[in-house]
Chemist: 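I am attaching a structure below and will ask some questions about it afterwards.
Positions are given from 1, in the same order as the sequence printed here.
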Amino acid sequence: MNDNRNSQNNNDQWDRWNSNASNSSYYNQPTHRPYGQGFMIASGICGIMSLTACCMGILSLPLGALGILFAALTYRKGRKMNSTCLIGVVSSCLGIVSAVVLMINSFAMLPTLMKDDAFRSQLDAVIQQMYGMDFTEFMEEYGYTFE
């Protein structure tokens, strides 16, 4: 069997754009999904969930970290970051920062809130329902006393 490539001169370059499909390697290329497409989507979803869950505090931190990790796994040297990854990284960073700011604000406001009688009675009611004792008894059990 005489192949078209073998019949050409060795010094000539093989024409891969020839209209004969059986002679062209271009048409025989396997189709595949782009590299890391699942991680790109996961990065975007985790980032958006981190941003929306920032008011829950603790939940936002691992979601933001996962969003950044998935975006880092799709990074390829010498290529620009996909827009989905960029959205994932930006929203993950915003979710982490806002969750940390809200947690710091909550802990800073706690001593002031504990002096408020309305807040204290609501907290006592919740602790009474959950543990069967009021908040001061609950905290004294762990060695912490209030004024």
Side-chain angles (χ1 to χ4, degrees), residues 3-5 8 12-147:
D3 191 24
N4 195 12
R5 279 191 252 172
Q8 290 180 346
D12 292 341
Q13 184 178 3
W14 176 59
D15 184 19
R16 70 181 215 154
W17 302 109
N18 192 353
S19 63
N20 186 1
S22 64
N23 191 22
S24 176
S25 66
Y26 175 77
Y27 293 105
N28 297 328
Q29 293 292 323
T31 58
H32 62 281
R33 295 175 56 179
Y35 176 77
Q37 187 173 7
F39 286 135
M40 290 177 200
I41 294 170
S43 171
I45 289 173
C46 286
I48 291 170
M49 287 178 63
S50 170
L51 189 58
T52 57
C54 69
C55 59
M56 290 187 227
I58 300 297
L59 182 63
S60 182
L61 298 176
L63 284 173
L66 282 174
I68 293 170
L69 175 72
F70 289 147
L73 288 175
T74 62
Y75 177 73
R76 301 205 45 194
K77 192 171 185 175
R79 296 199 179 176
K80 286 178 68 175
M81 189 176 282
N82 190 356
S83 62
T84 308
C85 288
L86 190 61
I87 289 170
V89 168
V90 169
S91 57
S92 293
C93 290
L94 287 175
I96 288 172
V97 167
S98 60
V100 168
V101 166
L102 284 174
M103 282 192 283
I104 290 171
N105 187 27
S106 297
F107 287 123
M109 293 295 295
L110 192 59
T112 307
L113 288 173
M114 292 307 291
K115 294 176 184 173
D116 186 19
D117 291 332
F119 178 79
R120 188 68 179 257
S121 65
Q122 288 177 352
L123 185 63
D124 283 338
V126 170
I127 297 296
Q128 181 71 32
Q129 286 179 352
M130 290 175 67
Y131 300 107
M133 61 182 92
D134 65 350
F135 185 69
T136 53
E137 292 173 1
F138 179 75
M139 292 306 286
E140 285 173 358
E141 191 173 305
Y142 292 103
Y144 188 81
T145 58
F146 290 106
E147 299 174 1

Chemist: What distance do E140 atom CD and M133 atom CE have between them, rounded to the nearest 0.5 Å?
Modeler: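 That separation rounds to 10.5 Å.
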Chemist: Contact between M114 and L123 at the side-chain level, heavy atoms closer than 4.5 Å - yes or no?
Modeler: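 Side-chain contact under 4.5 Å: yes.
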Chemist: With rounding to the nearest 0.5 angstrom, report the CZ to OG1 distance, R120 to T136.
Modeler: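 Going from the CZ atom of R120 to the OG1 atom of T136 covers 6.0 Å.
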Chemist: Give the table of side-chain donor-acceptor pairs shorter than 3.5 Å for residues 95-103, with sequence neighbours excluded, one pair per line with atom names and distance.
Modeler:
from : atom 1 : to  : atom 2 : distance (Å)
S98  : OG     : L94 : O      : 2.9
S98  : OG     : G95 : O      : 3.1

Chemist: Output a table of donor-acceptor pairs, distance under 3.5 Å, between side-chain atoms of residues 40-57 and any protein atom two or more places apart or on a different chain; print 'none' if there are none.
Modeler:
from : atom 1 : to  : atom 2 : distance (Å)
S43  : OG     : G67 : O      : 3.0
S50  : OG     : S60 : O      : 3.2
S50  : OG     : S60 : OG     : 3.1
T52  : OG1    : I48 : O      : 3.2
T52  : OG1    : M49 : O      : 3.1

Chemist: Find the distance between CG (L66) and CG (L61) and round it off to the nearest 0.5 Å.
Modeler: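 Reported value, rounded in 0.5 Å steps: 11.0 Å.
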Chemist: Excluding sequence neighbours, so at least two apart, what forms ring-ring contact (aromatic ring centres under 6.0 Å, His included) with Y131?
Modeler: F138
Chemist: Are the side chains of M139 and I127 in contact, using a 4.5 Å heavy-atom criterion?
Modeler: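 Heavy-atom side-chain distance check fails, nothing below 4.5 Å.
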